[in-house]
Number of protein chains: 2
Amino acid sequence: MAGLKQVQRQTGVALWRQIADRIREAIGSGAYDETGMVPPETVLALQFGVNRHTVRSALAALAQEGIVRAVQGRGTLIERKERLNFPITRRTRFTAGIGDQARETRALLLDEVKEEASADVARWLKLKPGEEVIRLETLRHADRRPVSKATSWFPAGRFAGIGAAYRKHESITKAFAELGLSDYVRATTEVTAAHANTADLADLELTPGAILLIAKAMNTDLDGVPVQYSISRFAADRVQFTIEN
Amino acid sequence: MAGLKQVQRQTGVALWRQIADRIREAIGSGAYDETGMVPPETVLALQFGVNRHTVRSALAALAQEGIVRAVQGRGTLIERKERLNFPITRRTRFTAGIGDQARETRALLLDEVKEEASADVARWLKLKPGEEVIRLETLRHADRRPVSKATSWFPAGRFAGIGAAYRKHESITKAFAELGLSDYVRATTEVTAAHANTADLADLELTPGAILLIAKAMNTDLDGVPVQYSISRFAADRVQFTIEN
DNA sequence: CTCAAATGTCTATTGATATAGACAACCATA
DNA sequence: TATGGTTGTCTATATCAATAGACATTTGAG
């Protein structure tokens, strides 16, 4: 019973995609660690109760993601199965949190815009709607794989030049330091999940139907004054959050 | 630009399902609060760049979920739009956390089993693998809608009878109290996201392709001794987590 | 009452998804 | 080198998903 994986028809989600999701999960949970390979296509087809061609569509999608690699005559090898851990604490920092789990981390600044605070942004940063804020669009990689895409807002008066500082240091913590803020704390984090939209799919190198973990976070200085509000979108199959209380 | 919602073809996820997901999100974020109605089908079709029939399939799915109700001649009314907030803190409790946002909460005990701790369970509860634990399968409702399904493990020696106590009080906190544990704290929470499997779909009354927020949590007594390890699966479109540091 | 706006229903057609079967190509091993 | 097991490719067919158009039905407002 444990090995029986069910898929459903006429649900608006193609069978090959459902099967790809289940195999991806099984790989992540170490189900095939003994062999380092996915079971043969004919076996999977039998397990899922579908045609072999349908399984092949699923495996093709996983190969496209770089998770497996099919070798004619041998089988389908597992290439990757990691899931990064992202701790969320009062002292949450992206680079330090991910850094020890990846050989190389990168942080790219995609865009920097000065704009007026929307109602939502104003509420989080405790500003008046319409006050000026700086918005940064950033993309973070670990070992050359995109991990998260984030939109961050900062009070414009206090943090002029944060875009340049971020581009230079590839770190919010160091950018803050250059602008005279030596320490800050994570005040609030809201976590939700949703399907990825087209822009996120492209930037995070995901396939449609992929899931995102979404974290809305607010950082303050040591006096409790908001310094950053951000919405980060993580590829759900590459990360998990850990909350230590 | 803000009103432009994108959908993709040939991705294994039907357009009507992608559109249903986006409309559900828009409803949840209050986008249609002014009118209490979804825009007309022809308008939605134009916005998403699809045929009106495709939009109708999406709305039919949402109607099936009880989120909207179409009325001929008038429009499509929004029936429900809540997203419960679930705070995760050192003092996280399900009933108290959700209680003030719902008129009625229920907690059902689906199953109670005494078993030997697996490696994973033993590690979290700081037991030796093979020591006896009690496993509870529980289902939680808010206002008659299923919110989460959880599997919990407790050290068997210390908490014999917790199943009966939980069934009586419909609360872990009260069940603990009856067994002599007056207070406990949330030590660790790990959050991930994944697609729902068939069993979860049925119990949580979801449609295939739905997303789950998954929280692995460990509670300890005031001396730091683990008292509960649980894996909770939440319907992602019905809840969000808030982490206050 | 009349009309505009909205949802409901029907038919027809095209492309994507899934099944079915057959066979080729390749690999490891006996 | 022969063989069994595996992935790769091709053809054919049935069903689902999506488009297109037309018209009916219901509602609310003028």
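In the text below, chain A, chain B and the rest are named by the order of the sequence lines, each starting its count at 1.
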Tabulate atom names and distances for all N/O pairs under 3.5 angstrom spanning the protein and nucleotides 1-5 of chain D.
from, atom 1, to, atom 2, distance (Å)
dG5(D), N2, Gly73(A), O, 3.1

Tell me if the side-chain of Arg52(B) makes a donor-acceptor pair with the base of dG21(D), cut-off 3.5 Å, by modelled atom types. no
Whichever of His53(A) and Leu59(A) has its nearest DNA chain D nucleotide further upstream toward 5': Leu59(A)
Nearest-0.5 Å distance, [atom1] of residue [X] to [atom2] of residue [Y]:
{"X": "Glu112(B)", "Y": "Lys114(B)", "atom1": "CD", "atom2": "NZ", "value": "9.0 Å"}
{"X": "Thr151(A)", "Y": "Tyr229(A)", "atom1": "OG1", "atom2": "OH", "value": "9.5 Å"}
{"X": "Gln228(A)", "Y": "Phe154(A)", "atom1": "CD", "atom2": "CZ", "value": "4.0 Å"}

What orientation do Phe86(A) and Phe234(A) show, parallel under 30°, tilted 30 to 60°, or perpendicular over 60°? tilted
Separation of [X] atom [atom1] from [N] atom [atom2], in whole Å?
{"X": "Arg69(A)", "N": "dT6(D)", "atom1": "CZ", "atom2": "P", "result": "18 Å"}
{"X": "Leu77(A)", "N": "dA28(C)", "atom1": "CG", "atom2": "C1'", "result": "13 Å"}
{"X": "Arg17(A)", "N": "dA16(C)", "atom1": "CZ", "atom2": "P", "result": "16 Å"}
{"X": "Phe48(B)", "N": "dT19(D)", "atom1": "CZ", "atom2": "P", "result": "13 Å"}
{"X": "Leu15(B)", "N": "dC16(D)", "atom1": "CG", "atom2": "C1'", "result": "13 Å"}

If the cut-off is 4.0 Å, is Thr54(B) near the phosphate of dA17(D), judged by side-chain N/O to OP1 or OP2? no
Compare side-chain N and O positions of Thr76(B) against OP1 and OP2 of dT7(C) and report whether any pair is under 4.0 Å apart. yes
Comparing Glu41(B) with Val71(A), nearest DNA chain C nucleotide closer to 5' gives the residue Glu41(B)
Whichever of Arg56(B) and Asn51(A) has the more 5' nearest nucleotide on DNA chain C, that residue is Arg56(B)
CD (Glu116(B)) with more than 12 external heavy atoms under 6.0 Å: no
Please tell me whether Thr192(A) and Gln240(B) have a donor and an acceptor in their side chains that are separated by less than 3.5 angstrom. no
Less than 4.0 Å between a side-chain N and a carboxylate O, is that true for Glu170(B) and Arg106(B)? yes
